[in-house]
Each structure stands twice: as structure tokens, then as C-alpha cells.
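Report on the following structure.
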There are 2 protein chains.
Amino acid sequence: MFRITRLTDYGVMLMTEFASEPERLRNAAGLAEAAHLSVPTVSKVLKLLLKEGLLESIRGAGGGYRLARKPEDVSVQDIIVALEGPIALTECNLISSDCEQKPHCSVSGNWRRINHAVRRALADITLVDMVQPHFEPVIQLQKQQSNTIPISSETGERWLPTNM
Amino acid sequence: MFRITRLTDYGVMLMTEFASEPERLRNAAGLAEAAHLSVPTVSKVLKLLLKEGLLESIRGAGGGYRLARKPEDVSVQDIIVALEGPIALTECNLISSDCEQKPHCSVSGNWRRINHAVRRALADITLVDMVQPHFEPVIQLQKQQSNTIPISSETGERWLPTNM
DNA sequence: TAAAGTGGCACCAATATAGTACTCTTTATA
DNA sequence: TATAAAGAGTACTATATTGGTGCCACTTTA
């Protein structure tokens with residue numbers, strides 16, 4: 001259905017939670033309560049985010065997790081990639097792919113472009129944006145030469161937090 | 001893994017094939033051969049595309065399928081929606097959703113924006129674009145502060161023409 | 001040394017997906 | 001008019017993925 005998994009959704013929620021107070025150390029139990037999720041589930045997501053370097057942890061009593069980078073340096077794309085692997089709408093666009101269609105597939109090149117467009121849409125949104133209640137897309141796209149296709153026919157957009 | 005299903009991938013391939021010769025009537029067997037897929041599988045996808053109004057069919061001997069609309073009026077998004085339902089990265093953004101997180105979810109509003117950006121990226125690519133060997137979306141995203149970033153900078157992917 | 005934490009697996013149930021099979025209807029044409 | 005070609009609709013099954021949990025080891029602090 002063209003969607004991220006629920007675990008990834010949780011990941012974005014949790015990372016947003018961290019970003020709201022970047023210095024604060026939080027443990028799985030506290031986050032679970034805040035997010036209305038079970039501790040094991042939250043714990044699982046945190047471990048994954050840790051392994052991918054988005055969080056750092058402090059073990060032992062009084063320990064917990066916090067962001068490994070500044071909120072402005074973490075995009076929604078980073079989180080998705082950490083939890084689901086590289087964003088590739090079609091299998092053929094994965095590095096490891098040996099899609100048997102490739103030799104006679106006329107569209108694989110175009111899929112790469114499409115992936116790019118989607119990745120960019122996600123890479124431009126950082127945790128700083130997510131912390132805002134709602135941010136407004138404000139973007140400008142420029143049409144170019146004849147053999148080029150504008151990816152957006154309307155007035156394009158760019159993510160811009162409302163109160164920035 | 002953030003990807004479309006294989007059936008949807010087939011759907012895009014098939015629709016692109018139709019778009020390469022919009023007038024021509026094609027049957028499932030011929031398309032299957034050209035796409036190196038089994039007839040039942042191709043047939044299944046065609047039926048779905050038909051039901052969603054992207055193809056029209058002519059029954060009986062000598063029958064087949066062809067595009068219901070002009071290639072320029074069919075976007076990649078249309079095909080994805082036809083085969084996978086509405087594009088909603090998170091459950092909470094589906095009309096029918098009654099996500100129990102919603103009342104205390106701080107990011108659902110932002111997800112709506114993110115969905116919007118992704119949908120736009122996909123809605124702006126039509127079958128006309130897909131028929132091109134590979135098209136260059138030369139969009140310039142304007143960062144608030146300054147510099148422009150072309151969406152596609154790398155080069156060198158090959159396109160293998162199909163002779164179907 | 002007990003308690004509070006994370007770290008790393010491994011497991012199982014539920015769901016989604018891919019592919020196929022079967023039967024029915026429609027239409028061209030010999 | 002009989003037959004074959006082609007789509008229409010539905011249902012089924014094996015497989016893969018996902019979501020959620022449980023368990024135990026390790027680390028740190030009080």
C-alpha cells in the first residue's frame with residue numbers, strides 16, 4: 001500500500017520526541033508511556049535507531065538514549081533508511097538487485113529518477129521541522145529546457161517551518 | 001523497505017508499454033511475452049487496471065486492451081493508486097483511519113505534508129515521461145537561504161530500448 | 001550487591017503478497 | 001452456427017513480511 005511500516009512510524013514519533021528536548025536523556029519506559037506504546041516495542045525501535053547511529057545510549061542505572069546528532073542534521077529520510085533500509089520504490093533500484101527483468105526493462109532508468117524525487121522530498125524534512133506543530137511547504141520550482149520535465153507543474157514547494 | 005509491490009511495478013511497465021503505441025490493441029499473451037512475465041500474472045494486473053479505469057478492453061476474439069486515457073493524462077501516481085489504493089505513508093493519513101495514537105500524536109499533521117510532497121513527486125511524472133529513454137527532471141529547489149540543488153546530478157545510467 | 005538500564009536474540013501470530021487455477025461471457029470468423 | 005480467441009470474475013494457496021513479545025546477558029549506579 002505504499003507506506004512505511006508501523007515500526008518506522010514509531011521511529012519518527014520517537015525521534016521527534018527526542019528532538020523536542022535534545023539534551024535530555026530518556027529511557028524506554030518513559031518514552032513508551034509518552035508515546036502510548038508498549039515498552040518492548042519502543043525498546044526494539046530504539047535499539048534499531050541506536051545501531052544505525054541515530055541515537056546514542058548510556059547503559060546502566062540512570063542510563064537512557066538521546067540523539068546522536070543535532071535535530072537539524074537528521075532527516076525523515078535518515079530515519080526511514082535506518083529502519084527499513086535504502087529507499088527504493090522498485091527492487092531493481094537496490095544496489096544488491098539482480099532483477100531478472102533488468103536486461104529488457106525499459107523503465108528502470110526512469111524509476112531511478114522517481115526514487116530520487118521521493119528521496120529528496122523526504123530528505124528535506126528534518127527533525128527541526130517535525131517538532132513544529134505544522135510546517136508549511138513553501139517552494140519554488142523552475143521549469144527548464146525542452147527535453148526536461150518539471151517534476152511539479154504547480155507552484156512547487158519546499159519545506160519551510162511555519163514560524164521560521 | 002518503502003517500496004511499491006511487484007504487481008504495481010508490473011503495472012507501470014505495462015502501462016508504459018501501452019503508452020509507447022497508444023492506438024495499438026494488445027492482449028495479455030503478447031504483453032506477457034514482451035514483459036517476460038507469465039500470462040496469468042499479466043492478466044491479473046490488466047484486470048485491475050481495467051477496473052480502475054486506466055485501461056479499456058475489447059472482449060472476444062481479436063480483443064485486447066488499450067489505454068483509456070492519453071499517456072499525458074496518466075501519472076505514475078494514478079497507477080500506484082489504482083493498484084495499491086491511496087498513497088498514505090502512515091495509516092493515520094488514510095481517510096478511513098481511526099489510529100488510536102491520533103489524539104496524542106504530535107506528528108500526524110506533519111505526515112500529511114510529507115505525503116503531499118511524495119504524492120506530488122509521483123503525480124508529476126506521466127506516461128509520456130516514462131516512454132522517454134530517461135527523462136531529466138531538472139528541478140531547482142530553492143533553499144530559503146540561497147543555493148539551488150538540481151534534483152538529479154549524477155549521470156550514466158543506461159537505457160535499453162525494447163523492441164516490442 | 002541489588003536495581004535500573006541497555007544489548008542482542010529468537011520466537012510466533014497475523015497479515016500481505018504473488019502467483020495460479022477455474023469457470024463464465026463475449027465476439028470474430030470459418 | 002460451431003469454434004476458438006480473448007477478456008471477467010473469483011477463489012485459493014504458499015510464501016514473505018511485519019508486529020509484538022519474551023528472555024537473558026551485560027553495564028552502571030547507588
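All figures in this text were calculated on a predicted structure; none of them were measured in a lab. Throughout, protein chains are lettered first and strands after them, A, B, ... in sequence-line order, and every chain is numbered starting at 1. When reading the values below, keep in mind they use all heavy atoms of this one structure, side chains included, and skip hydrogens, waters and symmetry mates.
Sequence order on DNA chain D of the closest nucleotides to R59(A) and L50(B) puts L50(B) first from the 5' end. When each of T8(A) and A61(A) is assigned the nucleotide of DNA chain D bearing its nearest heavy atom, the one mapping closer to the 5' terminus is T8(A).
Nearest to the side-chain atoms of Y65(B) among the listed nucleotides dT17(C), dG7(D), dT21(D) stands dG7(D). Which of dG19(D), dT21(D), dT20(C) sits closest to the side chain of T41(B) comes down to dT20(C). Of the candidates dA18(C), dG20(D), dG5(C), dA18(C) carries the atom nearest the L7(B) side chain, counting heavy atoms from C-beta on. If you check dT6(C), dG8(C), dT21(D) against the side chain of K47(A), the one that comes closest is dG8(C).
L46(B) comes within 4.0 angstrom of nothing in the nucleic acid, heavy atoms only. Among the atoms of the strands shown, none is found under 4.0 Å from any heavy atom of K51(B). At the heavy-atom level, A28(A) lies under 4.0 Å from the strands shown only through sugar-phosphate atoms.
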Writing each nucleotide of DNA chain D 5' to 3' as (, ), [, ], | or . by Watson-Crick or G-U pairing under 3.5 Å yields ||||||||||||||||||||||||||||||
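Applying salt bridge (charged side-chain N to carboxylate O under 4.0 Å, His left out) to R26(B) and the options E33(B), E21(B), E56(B) leaves one that passes, E21(B).
OP1 or OP2 of dG19(C) has at least one side-chain nitrogen or oxygen of Y10(B) nearer than 4.0 Å. Contact annotation: S38(A) side-chain N/O to dT21(D) OP1/OP2 distance is under 4.0 Å.
Rounded to whole Å, atom P of dG7(C) lies 10 Å from atom CD1 of I58(A). Between K44(B) atom NZ and dC12(D) atom C1' the separation is 10 Å, expressed in whole Å.
Here the OG1 atom belonging to T90(B) is positioned 12.0 Å from the CZ atom belonging to R6(A), to the nearest 0.5 angstrom.
Side-chain atoms of Y65(A) and L49(A), non-hydrogen and from C-beta on, never get closer than 4.5 Å to each other.
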